[in-house]
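First up is the structure itself, then whatever we jot down about it.
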Amino acid sequence: MEHVINDIKQKFLSGVPIDKIDINTDMLFDWNLQEFLIKETVLNDLNITYPLKVEYQVSFLKYLLRKLQELQIEEIHDAIYEQLTIKLREANLEYSYKHFLMQDKGITIKESNSFVRDGTTGLKLWPAALALSDFILQNKLKFKDKSVLELGSGGTGLIGLVLLKMCEPCKVFLSDCHNLVLENISKNILMNLKDVEKENLQNSLRVHTHLSLANKMKEFGILDLAWEDIDASKSEILKLKPNVLLAADVIYDVSIFVPLIKCIKEVFQIAGPSLVFYLSQTIRSITTFNEFSNLLRENNFKITKIEFISKHFFIDETSTEIQIFEVKLNEKLVQ
Ligand SMILES: C[S@@+](CC[C@H](N)C(=O)[O-])C[C@H]1O[C@@H](n2cnc3c(N)ncnc32)[C@H](O)[C@@H]1O
């Protein structure tokens, strides 16, 4: 039964939609297992220190109670009612946390509870970033000893954390254009470093830092890179000379397509034709996405959809249409 509870714990801590969490009904008949389940989820140390959204925790506890009632189980552990009463009294905060447990490592991110805060969508974790993280974990070799740059990273820094903790890149640079987003990237990265790894670091990470992770030095940086002002970041990109370019959920506003394409072209120009760009995108409107992909083709890029099945981050492919693409310079023009 432990692996069943472990699966529920992993899903709960990473904020997977409640109806996607499978609760084994046999387990609920056992009073001690009910208690163990609460200890591993709502009372988990990670959730106590860095709590998930209160609304989410309440939904989870109500879901459990509903299951127990459906099964007509009369012996319901006090901890379930107790926690529900406590959570119902807790105020919803502006920020909450999610925890991703992978093998023996974990990543915690802080995100905004609203889709848009302080005029940016970048303080929230978007499903396309989960898909890209999953893709990275399934393709670690593509990132080994590579220099990686992410565009429009958003404030959670999840992609950077997955690369730094789970892969062996030599350089990881995250970028965005909003000050609060850049500050949040720094906070999220620092929150995930062990004390020894934080030694000699400033309180706020910025353009260029050397991180010693698992006894290996990695170059890390946070760039203030606005797509419409790519010229201002050219010297940094030149130093970084990326092998891999990444972006998650940046294709939604038609008015920024032209500067975004110009930015991608400049990065390819600096990095050279071997650069590979992986784009993860929630397709909200196929017309909007086609407009972007046509622009890429007009600018001599080849865009190929990558077949991908989520394995680690519990993305529900049926409810959101997330696709991952590989973008390269058109071979005919490279030769
Ligand atoms: C929908 S969010 C995605 C954030 C993150 N990649 C994720 O998937 O969770 C879009 C991100 O693109 C950034 N962005 C939007 N316009 C930008 C621009 N012109 N230059 C640089 N970044 C931009 C925003 O600040 C925001 O962080």
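Note that ligands are numbered from 1 as they come in the structure, with each ligand's atoms numbered from 1 the same way. Values below: all heavy atoms of this structure, side chains included; hydrogens, waters and symmetry mates excluded.
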* Structure fact -> Only residue of W227, F292, Y252 satisfying ring-ring contact (aromatic ring centres under 6.0 Å, His included) with F257 is F292
* atom 5 (C) of ligand 1: which protein heavy atom is closest, and how many Å away? -> S153 O, 3.2 Å
* Asked: Quick one: nearest non-hydrogen protein atom to atom 20 (N) of ligand 1, plus distance?
  -> W227 N, 3.1 Å
* Check each of L180, D253, D224, D176 against atom 13 (C) of ligand 1 and report the one with the nearest heavy atom. => D176
* Asked: With respect to atom 4 (C) of ligand 1, which of S280, A128, A247, G152 exhibits the smallest heavy-atom separation?
  -> G152
* Out of V181, L225, I185, L132, whose heavy atom sits nearest atom 21 (C) of ligand 1? -> L225
* **Protein residue, atom and distance nearest to atom 1 (C) of ligand 1, heavy-atom basis** => D249 O, 3.3 Å
* Asked: Only one of T282, N294, I251 forms a side-chain contact (heavy atoms from CB on, under 4.5 Å) with F289, so which one is it?
  -> I251
* Asked: If you count the atoms of ligand 1 from 1 in the order shown, which ones are under 4.0 Å from a heavy atom of T120?
  -> 25 (O)
* How about Q57 and N47: does a side-chain donor come under 3.5 Å of a side-chain acceptor? -> yes
* Which one holds for E228 and ligand 1: side chain close, backbone close, both close, or neither close, with close meaning a heavy atom under 4.0 Å? -> side chain
* Shortest protein contact, atom 10 (C) of ligand 1 (heavy atom only) -> Y252 OH, 3.4 Å
